[in-house]
Amino acid sequence: MYKLVKGRFGYAVRAVGVSQTRWVRQKLSSPQDQQAVRQVVVPIARHFSSLQATQGALLKLPGPSYAAPTRGIGMLVARVLRGALKIRYLILGGSIAGGSALAKTYEQWKEALPDTKFLEGLLPSQEDLDSVRASLISYRDKIKDAVPEFSLDPKLLEASEDQYNRLAMWFKERLDDAIQAAEEEKSNSSGTSFFPDDFSPDLKQHALSFTAMGSSSAEREREKADNIREKYESLQEELMQVQLKYQREVERLEKENKELRKSLMLRAGDTVARKKVKKSLIDMYSEVLDELCDYDSSYDTQDHLPRVVVVGDQSSGKTSVLEMVAQARIFPRGAGEMMTRAPVMVTLSEGPYHIASFKDSTREFDLTKESELAELRKEVELRMRNSVRNGRTVSHDVISMTVKGPGLQRMVLVDLPGIISTVTTDMASDTREAIRTISEQYMSNPNAIILCIQDGSVDAERSNVTDLVSQMDPQGKRTIFVLTKVDLAEENLANPDRIRKILAGKLFPMRALGYFAVVTGRGNQEDSIQAIKDYEEAFFSSSKIFKGGVINSHQCTTRNLSFAVSERFWKMVRDTVEQQADAFKATRFNLETEWKNNFPRTRELDRDELFEKARGDILDEVVNLSQVSPKQWEEALSRKLWEKMVTYIFESIYLPAAQTDSSGTFNTTADIRLKQWADQMLPKRCVEVGWETLQDEFRKFIERAKTSKDHDTIFDNLKACVVDEAMRRHVWEDKAADVLRVIQLNALEDRSVSDKQQWDSACRFLEESVKEKLTVTESTLREMVGPGTREQWLYWTSPTEDQRKRAAVKTELEKLLATDYSHKNTLNYDEVTAVRKNTQNSGIDVDNEFIRETWHPVYRRHFLRRSLAKAYDCRKSFYAYHQGLEGELGVECNDVVLFWRIQQMIKITSNALRQQVMNREARRLEKEIKEVLEEYGCDREKKEHLLTGRRVLLAEELKRVRQIQEKLEEFIHSLNAEK
């Protein structure tokens, strides 16, 4: 600042305006330097006129006179260099900007051009053009070497080689005709010349030389062609040997690789045995397909995941191809019989051991042992036959199995029933349509790889599968064609060109990604897989079809086929699995939305979860049986026992015994009938009563549970069905009847009433029983005779003609009973005749049978009224009975004693039945209910029948979609990790 104030830099600070000048002076100086700053800080006038007036002052250097520094040659050189560098930068920047603009313009121009990629499929590749050019050059050299050197006419020289060849052939033909004609003329006239007289000598010489040249060139051409053919056959055979040698080496290396991988897997299995086993990609994918097999969506989320669908005519070799790919003979065999009756989904994966297992079983079959292979084939055949129901021949049910082994190609194959053209008598009438429906269902999947199997030993015109495949995949974008039994085709077909057309895709009306020829055996069912592979290798090494160039080496053997199918399968999986996962994600959202709208605040329970909840409720009700007190059990049993035996007691015991004339005869008759009853009918009837009582009490608990607040009606059908089935199966213990027989006989033999309390109880029991029976009898009589006078006036009813007759007969019978109070229970002939005549006098004509039918209820009422009166008289006769004074006092209380014996028997029987129910039968019922629940829990169809409704279906579908989506996401994550 000091140097600036002193002006040592030779410059002055100029500010525009006075105020700015004052501010600059203050900022640049201290109070001591105000005078010096005033000299170097010069104000500049704002106006143009003032600026012109002060122009001289502005250019003048104020302040003390110091020498200003001068610019020398160095500054000039620096300015020149700076200018040159600026020019370089300008040129460089312009070129870069221009280049980028030009590149952008070129890209825009290129984008504007039409797309010419479609020409790639139409025009031959550069390699094809080079091969054609090389073949033409070699052909030219060949022709050039074959033609001898001779001079031609100038006009012929101007012609092309092609025209020359045609001309040579024409000359050769004409010359042969001329020679033949000359020989014929020579035989006729030996002196005649072949050429005409005007034929020039030069032309004769040229014709003869051309003829000699043509014959010699043709011979050399034939010799050369034979040599080329021999060389080609030798090269083809050498190529085959090299390929077989290469294949053997590859198989040897693979075998070593299998052993190494097996040891590594076993070692890894030992180290990871305690950890969670990580599933392979193909196992995860197979689980997804298993879930989708049973999935039935209401939202049209179809199963479009890739799988290899094996289709073909019956006995075309489908199963044999599958066995060769799986390297084990795992399917049942039949001579011309349909063996594949249901779709079989086989998941091939790699593992240390060659084993097979089913989806729903934990057993593993060792495929290296022939005995377990036979058991596996029997199991497959058994599952197929079990899947066919209702008289059908084929089934839609999928049999899922997994085959693991070292070196197996990872993929999922579905073997379908063979397509047939004729339905035999042992098949269902719709078998052909059912097979086509199953095949179309699997092939309609746009991501399914169709493995079309064609029998090479039969005429192509007899093929059914090719037409079906061409309909499902007309472009052939996902079809692989396999020609089986090529060894038989070579023996039967005289024209190998037909096989070439088949494998070139020119014979059948279908397209395919690839064409393969395989040999799957010699027709011997006992051959092993290794024997079949050796036979296949030997056949192709010596086959005329292969040596003749009909098929290429990569189109042979099941080994190449399995590689190609596996590669195509995984490509399809990677391309489509994420789309399928997105589709199920959208379906899950739709299902969850429907559930929230229709069933809010309700748990999403599927059939299995609902069944388990119902199981708990039913078992809780069984436990509630233990809460019933012994008193309640005995009261219920006593009530039920009396209801079941009251009719027999009155009709078969009490009424016949009451017809006797003395007390001793009454007791004797009663004893005999009671003993017969106790020996034959009573114990079994009591057991039935006990079982019915147990059922009634259990059903009361079930009905009581329906009235609770948290009752769910969706379980009603299931609970009722389980209880009914358990009750139907339950059988009371056999020895219970024998125990009851002994107890009841002892109780009925006791005829002594020990105290007044028991006597009063017996009297009440008799009175109640008689009153109950009397009520029933009077109701029966009322129905027989119709309404009385009171009912007719009050309710405006009138009796029928039959009821009028019954009423008249009843009146006469009551008169008869009034005259004989102790009348027996039967009417004699005279009494019947008297009643009929009396009714006839009243204008009513009835027969004897009509009178007897009316007599039974009339007499029963009379008898019950008499018994009730006797029961009233016996209330105070205990002491007379106890002292044996009944006869002296004129009171007969045998009825009370009889009913006391029956009452005691009922009490003892109900007590014994109660002990059996609480100690044994309730537990046995609980066990049977558990067994029924276990059976129903394993029966999917039963649960679907008993647990129905949109709520159940929606929960089932939502659970299934979640499982599928989770498995798909897990598989996609593992697939991306493997990439």
Side-chain angles (χ1 to χ4, degrees), residues 645-682 744-756 758-771 773-774 777 813-814 816-832 852 855-906:
M645 65 179 60
V646 60
T647 302
Y648 184 86
I649 289 174
F650 272 93
E651 299 295 334
S652 301
I653 298 176
Y654 181 40
L655 187 60
Q659 305 304 316
T660 59
D661 298 330
S662 62
S663 175
T665 309
F666 180 93
N667 292 331
T668 302
T669 304
D671 289 344
I672 293 173
R673 291 183 175 268
L674 286 174
K675 183 173 178 56
Q676 291 176 352
W677 183 42
D679 281 339
Q680 299 174 4
M681 299 172 54
L682 183 59
Q744 291 166 348
L745 286 173
N746 294 332
L748 291 173
E749 288 178 358
D750 187 7
R751 286 185 297 181
S752 72
V753 183
S754 59
D755 54 14
K756 181 70 167 58
Q758 294 180 356
W759 182 268
D760 294 340
S761 174
C763 290
R764 285 193 302 271
F765 179 60
L766 175 60
E767 293 173 7
E768 292 174 358
S769 302
V770 171
K771 287 180 181 179
K773 199 69 177 174
L774 183 60
T777 304
L813 292 174
E814 287 176 348
L816 179 63
L817 291 174
T819 57
D820 186 3
Y821 185 74
S822 300
H823 198 286
K824 303 296 181 180
N825 62 340
T826 59
L827 288 174
N828 55 35
Y829 181 76
D830 295 337
E831 292 171 340
V832 172
R852 288 190 173 90
W855 163 256
H856 291 297
V858 172
Y859 178 79
R860 189 174 291 108
R861 185 183 65 172
H862 172 74
F863 172 75
L864 292 174
R865 286 176 178 177
R866 190 177 64 184
S867 299
L868 186 60
K870 189 183 293 186
Y872 290 153
D873 295 338
C874 292
R875 286 180 180 177
K876 299 179 181 180
S877 303
F878 171 73
Y879 293 103
Y881 162 77
H882 191 67
Q883 297 297 327
L885 302 175
E886 294 174 289
E888 298 177 1
L889 297 175
V891 180
E892 296 291 340
C893 296
N894 296 322
D895 304 14
V896 176
V897 175
L898 173 63
F899 274 82
W900 179 80
R901 295 164 67 183
I902 294 173
Q903 185 185 30
Q904 292 301 113
M905 183 270 298
I906 291 176

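Sequential numbering from 1 along the given sequence is applied to the chain's residues.
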Working to the nearest 0.5 angstrom, can you tell me the gap between [X] [atom1] and [Y] [atom2]?
X: Gln744; Y: Leu682; atom1: CD; atom2: CG; answer: 3.5 Å
X: His862; Y: Asp820; atom1: NE2; atom2: CG; answer: 7.5 Å
X: Lys771; Y: Leu868; atom1: NZ; atom2: CG; answer: 6.0 Å
X: Met645; Y: Ile906; atom1: CE; atom2: CD1; answer: 5.0 Å
X: Ile653; Y: Arg673; atom1: CD1; atom2: CZ; answer: 8.0 Å
X: Gln676; Y: Ser652; atom1: CD; atom2: OG; answer: 10.0 Å

[X] to [Y] - nearest heavy-atom pair and separation:
X: Asp895; Y: Ser867; result: OD2-OG, 4.3 Å
X: Ala657; Y: Thr660; result: O-OG1, 2.7 Å
X: Ala658; Y: Phe863; result: CB-CE1, 3.3 Å

Close side-chain approach of [X] to [Y], heavy-atom, < 4.5 Å:
X: Ser769; Y: Phe899; result: yes
X: Met905; Y: Leu674; result: no
X: Gln758; Y: Asp755; result: yes
X: Asn667; Y: Val897; result: no
X: Leu864; Y: Tyr859; result: no
X: Ser752; Y: Asp750; result: yes
X: Val896; Y: Val753; result: no
X: Trp759; Y: Cys874; result: yes

Salt bridge Lys756-Asp760, side-chain N to carboxylate O under 4.0 Å: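 Salt bridge flag = yes for Asp760 with Lys756.
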Short N-O contact, Glu831 and Arg852, less than 4.0 angstrom: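 A salt bridge is absent here (no side-chain N lies under 4.0 Å from a carboxylate O).
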Spell out, as yes or no, whether a donor-acceptor pair under 3.5 Å connects the side chain of [X] to the backbone of [Y].
X: Arg901; Y: Asp671; result: no
X: Arg875; Y: Cys763; result: no
X: His856; Y: Asn825; result: no

Test log, rule side chain to side chain contact (heavy atoms under 4.5 Å, CB included), inputs Thr669 and Tyr654: CA-CA 9 Å; Thr669 304; Tyr654 181 40; over 6 Å; no
Atom NZ of Lys824: over 12 foreign heavy atoms under 6.0 Å: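 Count over threshold, so yes.
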Residues Leu898, Asn894; criterion side chain to side chain contact (heavy atoms under 4.5 Å, CB included); working and verdict: CA-CA 6 Å; Leu898 173 63; Asn894 296 322; over 6 Å; no
His823 vs Arg866, side chain to side chain contact (heavy atoms under 4.5 Å, CB included): CA-CA, chis, key distance, verdict: CA-CA 11 Å; His823 198 286; Arg866 190 177 64 184; over 6 Å; no
Steps toward side chain to side chain contact (heavy atoms under 4.5 Å, CB included) verdict (Ser761, Trp900): CA-CA 8 Å; Ser761 174; Trp900 179 80; over 6 Å; no
